[in-house]
Asker: 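Quick one: this structure, given as structure tokens, is what I'll be asking you about.
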Amino acid sequence: MKTRILVAAAGLPVLLVVLLALPSIATSIAIALLCAIAAWELLWKTGILHSKRLVALGVVLAAGAAMWSCFGFHALAFRIGLYVLMVLIIAELLHDKSIGFESAACLFVAALVIPVMFSAIARLRAMELGRFYVLLPFVVTFSGDSGAYFVGRAWGKHKLAPITSPKKTVEGAVGGVVCAMVVMVIYGLVVTFAFQKTFAWIPAMICALVGALMAIFGDLAFSHIKRQHKIKDYSNLLPGHGGVLDRFDSTIFVAPLVELVILLFPLVR
């Protein structure tokens, strides 16, 4: 626990600097790097793929897909590069007959699906008033995760997903949702009074509610993969937290949800 707290205390200022102080391109590059690491964790550390060449192509494609998603789907150079990479990957899959459909599907999930979802953070940062929006996925996931942990430890009795994640409880999940909504209220008050902005309360609370539920779903989804492959963490890159996928599994699902809500109902004016 001590190591976990120290790593979080050291990492939080770095996260805030990248998201808020540096230009939006820095967020895009950071997300692309995290997507590349996540692809390596999902494909190599789990043992899903044993081909170093395919894993390397998947890692490059993951970074490229994240950058392409951030810079716009009409960026010709990225489209050409991604097309070439996908052709190379498919050719390699056709050549290596030992790779089954499940492994091939995981390759494209790691290299395309996760980067497009996770890069929603960079797209939020690039929006007008993006400095207000880019924190929202983390506000929802981190507060929900903390609430679920403490409420679950104190009052958790009914297992939420006993096979996939034995420590998670229904009481913890409810506590996480409530905590996420409370922290969203605090965030809205800060935006309203400290920055003199108009905050759309109803869409924001819906976002917190659904986002907290999706955070639980994302956590369970990636825990299921770990359970299938009999690993505790995806890597030890972040001591006390595991790997990129261990730390950001919920955010991968929450970030695109926040993006959709903001595109439909701008939360800050």
Asker: Quick one: side chain to side chain contact (heavy atoms under 4.5 Å, CB included) partners of P266, sequence neighbours excluded?
Answerer: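 P266 satisfies side chain to side chain contact (heavy atoms under 4.5 Å, CB included) with Y133, R269 once adjacent residues are dropped.
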Asker: For residues 96-118, which side-chain N or O atoms pair as donor and acceptor with protein atoms under 3.5 Å away, sequence neighbours left out?
Answerer:
| from | atom 1 | to | atom 2 | distance (Å) |
| --- | --- | --- | --- | --- |
| D96 | OD1 | S98 | N | 3.1 |
| D96 | OD1 | S98 | OG | 2.5 |
| K97 | NZ | L94 | O | 2.7 |
| S103 | OG | I48 | O | 3.2 |

Asker: What pairs with R227 under side chain to side chain contact (heavy atoms under 4.5 Å, CB included), at least two apart in sequence or on another chain?
Answerer: P166
Asker: Determine whether R247 and D233 satisfy the following criterion, salt bridge (charged side-chain N to carboxylate O under 4.0 Å, His left out), listing intermediate values before the conclusion.
Answerer: CA-CA 10 Å; R247 177 64 275 180; D233 295 315; over 6 Å; no
Asker: Could you tabulate the donor-acceptor pairs under 3.5 Å formed by side-chain atoms of residues 179-208, not counting sequence neighbours?
Answerer:
| from | atom 1 | to | atom 2 | distance (Å) |
| --- | --- | --- | --- | --- |
| Y187 | OH | F132 | O | 2.3 |
| T192 | OG1 | G188 | O | 2.7 |
| Q196 | NE2 | F193 | O | 2.8 |

Asker: Keeping to residues at least two apart or across chains, list the salt bridge (charged side-chain N to carboxylate O under 4.0 Å, His left out) pairs with something in residues 26-48.
Answerer: none
Asker: Using a 4.5 Å cut-off on heavy atoms from C-beta on, say whether the side chain of T251 contacts that of V140.
Answerer: no
Asker: Do S143 side-chain atoms and V139 backbone N/O form a donor-acceptor pair below 3.5 Å?
Answerer: yes
Asker: If only atom types and distance count, is the side chain of E171 paired as donor or acceptor with the main-chain N or O of V151 below 3.5 Å?
Answerer: no
Asker: List the atom of F253, the atom of A221, and the distance in Å for their closest heavy-atom pair.
Answerer: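 Of all heavy-atom pairs spanning F253 and A221, the closest is CZ-CB, 4.3 Å.
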Asker: Find out whether L267 and L129 are in side-chain contact, i.e. whether some heavy atom of one side chain is under 4.5 Å from a heavy atom of the other.
Answerer: no
Asker: Measure from the side-chain N and O atoms of S119 to the backbone N and O of A122, and report whether any donor-acceptor pair falls under 3.5 Å.
Answerer: no
Asker: For a side-chain contact (heavy atoms from CB on, under 4.5 Å) check, start with the C-alpha distance between V59 and W44, then their side-chain angles and the critical distance, and finish with the verdict.
Answerer: CA-CA 10 Å; V59 166; W44 185 256; over 6 Å; no
Asker: Looking at residues at least two apart in the chain, or sitting in another chain, which of them share a side-chain hydrogen bond (donor to acceptor under 3.5 Å, both in side chains) with D246?
Answerer: K226
Asker: For A62 and C35, which heavy atoms make the closest approach, and how far apart are they?
Answerer: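 In terms of heavy atoms, the two residues are closest at CB-O, 3.7 Å.
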Asker: Enumerate the residue pairs fulfilling salt bridge (charged side-chain N to carboxylate O under 4.0 Å, His left out) with a member in residues 85-94, sequence neighbours excluded, ordered by first and then second residue.
Answerer: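 Checked against salt bridge (charged side-chain N to carboxylate O under 4.0 Å, His left out) - neighbours excluded - the pairs reaching residues 85-94 are R53-E92.
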Asker: Once ring-ring contact (aromatic ring centres under 6.0 Å, His included) is applied, what residue pairs with a partner in residues 80-100 remain, sequence neighbours excluded?
Answerer: none
Asker: Donor-acceptor check, side chain of T27 to backbone of V18, threshold 3.5 angstrom: yes or no?
Answerer: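 Indeed, once roles are kept as given, a pair shorter than 3.5 Å links the two residues.
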Asker: Who are the side chain to side chain contact (heavy atoms under 4.5 Å, CB included) partners of D219, not counting sequence neighbours?
Answerer: K168, S223, D249, S250
Asker: Is there any salt bridge (charged side-chain N to carboxylate O under 4.0 Å, His left out) pair reaching into residues 127-142, and which pairs are they, with sequence neighbours excluded?
Answerer: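 Sorted pair list comes back empty.
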Asker: A120: which residues meet the side chain to side chain contact (heavy atoms under 4.5 Å, CB included) condition with it, sequence neighbours left out?
Answerer: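 For A120, the residues satisfying side chain to side chain contact (heavy atoms under 4.5 Å, CB included) (neighbours in sequence not counted) are R123, A255, P256, E259.
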Asker: Do F138 and F248 come within less than 4.5 Å of each other through their side chains, counting heavy atoms only?
Answerer: yes
Asker: Return yes when atom CD1 of I163 has more than 12 non-hydrogen atoms of other residues, nucleotides or ligands closer than 6.0 Å, and no otherwise.
Answerer: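 Result for CD1/I163: open.
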Asker: A side-chain contact here means heavy atoms from C-beta on lying under 4.5 Å apart; do L245 and I225 qualify?
Answerer: no
Asker: Search all heavy atoms of V244 against all heavy atoms of L237 and return the closest pair with its distance.
Answerer: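 Taking every non-hydrogen atom into account, CG2-CD2, 3.9 Å.
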Asker: Can you tell me if NE2 on H224 sees more than 12 non-hydrogen neighbours from other groups inside 6.0 Å?
Answerer: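 It does not: H224 NE2 has 12 such atoms or fewer within range.
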Asker: Output every pair passing salt bridge (charged side-chain N to carboxylate O under 4.0 Å, His left out) with a member in residues 207-217, not counting sequence neighbours, ordered by first then second residue.
Answerer: none
